[in-house]
2 protein chains.
Amino acid sequence: MTPRKDLAERNDRALLQAARDVLAEDGAHASVAAIAARAGVGIGSLYRRYRTKEELFQRLSVLSLDHWNRAAEEGLADPDPWAGLAGFVRSCVEFGQGSLAPIAGTIEVTEEMSAKSRRGDELLRDLVRRAHEAGVLRPDVTAVDISLLIEQMGRSPLVDQLRKQARDDLLPAAFEARRRLIAIVLDGLRPGRPALPGSPPGEEMFTGRWAPDAAAGTSPA
Amino acid sequence: MTPRKDLAERNDRALLQAARDVLAEDGAHASVAAIAARAGVGIGSLYRRYRTKEELFQRLSVLSLDHWNRAAEEGLADPDPWAGLAGFVRSCVEFGQGSLAPIAGTIEVTEEMSAKSRRGDELLRDLVRRAHEAGVLRPDVTAVDISLLIEQMGRSPLVDQLRKQARDDLLPAAFEARRRLIAIVLDGLRPGRPALPGSPPGEEMFTGRWAPDAAAGTSPA
DNA sequence: CTATTGCGGAGCGAATCGCTCCGCAACTTG
DNA sequence: CAAGTTGCGGAGCGATTCGCTCCGCAATAG
């Protein structure tokens, strides 16, 4: 690995991480200038890698979906159906799944994104089905409920804001506080509780936002 | 009530509601132009009521804190400690407590805001204490955990985005989906579960964001 | 040594920002 | 009824920010 390639790869990674963080903090208003500055690189470095802001966001979406799918596969590989599902939820929430939600409807959904999203739905349905069969997940909760829950928990106002304010001193406590919230939510998914209100949500809770006309899937990206 | 006053009051209310919605959708980047447009009024109507954008946001904070405090008092007035707490949490989440979090640190915290926030903390501690004494709330959860939980749930990516995209057709289903998530979370607050991870969060989870130097309280506004 | 390559960031044209102020119409008052 | 009042919408101000292009330069590669 030459120093030139080493630096370029470090910048690759820094840009992607910065984009994710700034998106989480600023939502759809995230600017490329803010992203480059957060990554500690010049704006030219960003445009040497991505032709447009949209292409960068599409790349982030793909990476996010990859993480989702990997976490789901790992959850399915766990012999304990509850541990598999809980581990998946934790992993997704801590990764920040849902951080890209603000850009829903503002970027074109590529075929790659759609395919990965559909794959993610399928994996999540498998996780949910085997947890139901094992009797370790409340029977009235659906895969879409879980997707929505991950999206809801995946964007942490607490963490995002402390990051934005560069309050690194408070971040460890914030991560811990978030872990407690995740544990509360996971406990709420256990069986033995009065039925949830209303009827299960449909897929249009996601498709309605990302691509009203495409088979986009329900992974929140 | 004269037509002139009637219209002016309607515009008052429309502006406040629009400000809340646009803040929820756009975060700290919410523009006064977007707020006025959402309210269906001209920009002059906004500035006739609030001298600056900051004054508008301060007003929103006060109203939000008022809602929190009212909901807590109603919760305390309920003879059932669990129903009181659960009703409070539901009311706050559905009101959208936490929508103002993106402006933390960008506006000056007024004495009025501080006083109401401290009052809100006190009321919440009362709600939590009596639920603990009645054995209906898991013993390891604290008032700060609950504040953070309300903030986490209070901003709904689902609802905010459908609003932003003017997908009114999907909003009823979205509200219902949110109710299910709230129910899951409330179930997770019930006792009889393994202990939560880590130690309870401190007040700096809020004070660190809103006013690092003031006794600002922990209500999320 | 020369050639290559990726760097940071200045600056472009356009868009957006918070806010002021104008003309006007609806309402209120005498 | 007419004159005065008042709140309206929104044009446009000066400043800032946006996404993006392109330049000079320095580090690296061959």
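In what follows, chains are A, B, ... by sequence order, proteins preceding strands, each numbered from 1. None of the values given here were measured: they were computed from a predicted structure.
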Fill in: Side chains of B:Asn69 and B:Glu73, donor plus acceptor under 3.5 Å
no
Worksheet item: Are B:Ser91 and B:Glu74 close enough that a side-chain donor and a side-chain acceptor fall under 3.5 Å?
Response: no
Counting heavy atoms from C-beta on, name the nucleotide in [options] closest to the side chain of [X].
X: A:Lys53; options: C:dG18, D:dC8, D:dG19; result: D:dG19
X: A:Thr52; options: D:dC20, C:dT20, D:dC8; result: D:dC20
X: B:Val32; options: C:dG8, C:dG18, C:dG9; result: C:dG18
X: A:Ser31; options: D:dC8, C:dG18, D:dG19; result: D:dG19
X: B:Arg48; options: C:dC7, D:dG9, D:dC20; result: D:dG9
X: B:Arg4; options: C:dC19, D:dG19, D:dG7; result: D:dG7

Could you tell me the separation between the [atom1] atom of [X] and the [atom2] atom of [N], rounded to a whole number of Å?
X: A:Tyr47; N: C:dG11; atom1: OH; atom2: P; value: 19 Å
X: B:Asp12; N: D:dG7; atom1: CG; atom2: C1'; value: 11 Å
X: A:Ile43; N: C:dG6; atom1: CD1; atom2: P; value: 18 Å
X: A:Leu7; N: C:dG8; atom1: CG; atom2: C1'; value: 12 Å
X: B:Arg10; N: D:dC8; atom1: CZ; atom2: P; value: 11 Å
X: B:Leu15; N: D:dG10; atom1: CG; atom2: P; value: 14 Å
X: A:Leu46; N: C:dG6; atom1: CG; atom2: P; value: 15 Å
X: B:Lys5; N: C:dT29; atom1: NZ; atom2: C1'; value: 15 Å

Worksheet item: Does NZ or CZ of B:Arg51 come closer than 6.0 Å to the centre of the six-membered ring of B:Tyr47, within 45° of the ring's axis?
Response: no
Determine: side-chain N/O of [X] to OP1/OP2 of [N], distance under 4.0 Å, yes or no.
X: B:Arg49; N: D:dC8; result: yes
X: B:Ser45; N: D:dG7; result: no
X: A:Asn11; N: C:dG6; result: no

Fill in: Short N-O contact, A:Lys164 and A:Asp26, less than 4.0 angstrom
yes
Discussion item. Show the nearest heavy-atom pair for residues B:Pro102 and A:Gln161, with the distance to one decimal.
Written reply: CA-NE2, 3.3 Å
Worksheet entry | Sugar-phosphate, base or nothing in reach of B:Ala39, heavy atoms under 4.0 Å | nothing
